[in-house]
Asker: 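One structure is given below, represented as structure tokens, and several questions about it will come after.
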Amino acid sequence: MLWKLHGNGHLEPGAVVAPDERLSWGKTVGLGAQHVVAMFGATFVFPLLMGLNPQLAVMMSGVATLIFLVLTKNKVPSYLGSSASFVGVAAAIYAAGGTPAHVTGSMFVVGLVLALTGLVIHFLGSGVIHKLLPPVVTGAVVMLIGFNLAPVVANIYWPQDQWTAFIVMLVVIGLSVGLRGFLGRIAIFLSLIIGYALSAVLDRVAGPITKVADGVTTSTYRVNWANVRTADWIGLPPVTDFSTWKLGAATNVVGWHWPVFSISFILLALPVVIALIAENTGHVKAVAEMTGHNLDPVMGRAIAADGLTSMLTTGVGAGPTTTYAENIGVMAATRVYSTAAYVVAAIVAIAFGFSPKFGAIISATPGGVLGGITVVLYGMIGLLGAKIWKENKVDFGNPINLVPVAAGIIIGIGNVPLTFSDSFTLGGIAFGTIVTVVLYHVARAIAPKYLSDAAGGANIILDTPGMYVEEPEPDEYPKYRDRGGR
């Protein structure tokens, strides 16, 4: 990749640096460092929540970013970090008796489907996806994926150290709301550091905490650095030791491993494809708006690239990737959209990946700290679905939008199962997604024309909120307007 030098290599007031331009290499390295800080927290927090190795995840995020820039022909400035969309899937797989290898195997298949979807969009245009997955459906799937995580907080993280979790939750809320600009964007990362330090202080002041696992009560300190002390400063991430791996065990060693494929777990993970399509589309649109470039021609290429890099990262035992909003925020603040800065960030991330000591420190994050972070983070993921509805002005007075989505969300959040046999059950996320997507289109097909037109964006008349008047004659459609202001 080659970049044109922007002006004399300096950023003038009000100037914008295009993706194919760069500042002086000194300034480009500085900008790359900002992108590293922006992506850093989420890139290692999400693998941690999925039971995967954060050192390996950071390393592979750098590799994935370099590949993404090549596949998108240097036109889409984005960093590919760890995806949050799979956290609920990982929790469900572990709850069903799966291992990290089952988690990465399921995510590998999701990456494959995402890559194929990107190719379809590239050749047929994005309209085909928007028609199949309208905002009402996409928002519902994102919401049920996020809120399905509530039991993970309640049953796994929060009980480990409830008071630390409560304090960290308050810190997350306070920093997210109180900080401005760039610091506000890394509030989760800062909260993790504060919670880590708080846990170390409480160990000295209040002593160890009591944990109950498999009916056995043990006394343990919040911060356990046994693996940190034995980790090397320089080296590759470890190889996963499945002979000693046990869900929730402090002695687990997770790193490089080959994925294992299970049909039931793959079906559980596949709905995440919908969230990833929405996420990638939104990010590419945001970058296009900021840069003033029409990126629709590379939309499919970007989605396919994310799918391919997810296959690569999960194929070696790391988590899947996605384009990062945190780094888009850095671009918005600096008005520097140069992909050269992302190359620098990727190289720095790969360098971090060669420190097992760093990975061990992150892996030792106390459970109470994760409880305080996840109680906010998981809710935020779910509310992104509501954000999609709001921005697209979805009308829930229309039963086509309301009824299938209502059923799908309750199934997903409540983890309602549909059992076919002793060996095959559709879990809450998969079952909820199928109900939402399929029944939405069935409802639209069998509903009166004026309702289906309204679900697609047409204006209709409302007598009272949520109640429709009798179906008008076709030649009267233009006369009808929404009296309720919707």
Side-chain angles (χ1 to χ4, degrees), residues 1-4 17-22 35 39 43 60-83 85-86 107-133 135 138 270 272-315 318-328 330-332 336-347 349:
M1 298 179 190
L2 299 176
W3 298 272
K4 298 177 292 186
V17 180
D20 60 346
E21 296 180 328
R22 68 168 176 84
H35 282 299
M39 68 84 183
T43 296
M60 293 307 298
S61 76
V63 174
T65 298
L66 295 177
I67 294 173
F68 179 86
L69 294 175
V70 172
L71 294 179
T72 56
K73 296 185 176 181
N74 209 25
K75 294 181 179 179
V76 184
S78 291
Y79 192 91
L80 265 66
S82 303
S83 175
S85 300
F86 292 88
M107 295 174 183
F108 180 93
V109 176
V110 171
L112 173 61
V113 174
L114 184 64
L116 295 175
T117 303
L119 292 177
V120 171
I121 294 174
H122 180 70
F123 290 108
L124 300 182
S126 59
V128 63
I129 295 299
H130 295 318
K131 187 173 182 179
L132 180 63
L133 301 173
T138 304
L270 277 178
V272 178
V273 172
I274 297 174
L276 294 178
I277 292 171
E279 191 173 49
N280 278 277
T281 302
H283 287 180
V284 173
K285 290 289 188 182
V287 172
E289 184 175 342
M290 288 191 300
T291 60
H293 292 178
N294 178 20
L295 296 180
D296 283 352
V298 293
M299 177 78 74
R301 186 184 290 270
I303 293 174
D306 186 20
L308 290 172
T309 56
S310 291
M311 292 171 64
L312 172 65
T313 56
T314 55
T321 59
T322 187
T323 49
Y324 258 29
E326 290 89 338
N327 297 89
I328 292 177
V330 173
M331 290 192 296
V336 177
Y337 309 114
S338 171
T339 55
Y342 283 103
V343 171
V344 171
I347 293 172

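Starting from 1, each residue takes its place in the sequence as its number.
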Asker: Quick one: closest heavy-atom pair of M107 and T314, and the distance?
Answerer: CB-CG2, 3.6 Å

Asker: Decide yes or no on side chain to side chain contact (heavy atoms under 4.5 Å, CB included) for I347 and V343, but give the supporting numbers first.
Answerer: CA-CA 6 Å; I347 293 172; V343 171; 4.0 Å; yes

Asker: Any side-chain heavy atom of K73 sitting closer than 4.5 Å to one from R301?
Answerer: yes

Asker: Just jot down the side-chain contact (heavy atoms from CB on, under 4.5 Å) partners of L312, sequence neighbours excluded, or say none.
Answerer: M60, V63, I67

Asker: What distance do D306 atom CG and S83 atom OG have between them, rounded to the nearest 0.5 Å?
Answerer: 8.0 Å

Asker: How close do T309 and F68 get, heavy atom to heavy atom, and via which atoms?
Answerer: CG2-N, 4.4 Å

Asker: Indicate the atoms forming the closest heavy-atom contact of A305 with T72, along with that distance.
Answerer: CB-CG2, 4.5 Å

Asker: Please give me the minimum heavy-atom distance between Y342 and Y79, naming the atom from each residue.
Answerer: CE2-N, 3.4 Å

Asker: Would you say the side-chain atoms of D20 and T339 include a donor-acceptor pair closer than 3.5 Å?
Answerer: no

Asker: Pairs under 3.5 angstrom only: tabulate donor-acceptor contacts from the side chains of residues 109-118 to other protein residues two or more places apart or in another chain.
Answerer:
unit_1: T117; atom_1: OG1; unit_2: V113; atom_2: O; d: 2.8

Asker: Which heavy atom in T322 sits nearest to a heavy atom in S82, and how many Å separate them?
Answerer: CG2-O, 4.2 Å

Asker: State, to 0.1 Å, how close W3 and P19 come at their nearest heavy-atom pair, and which atoms those are.
Answerer: CD1-O, 3.5 Å

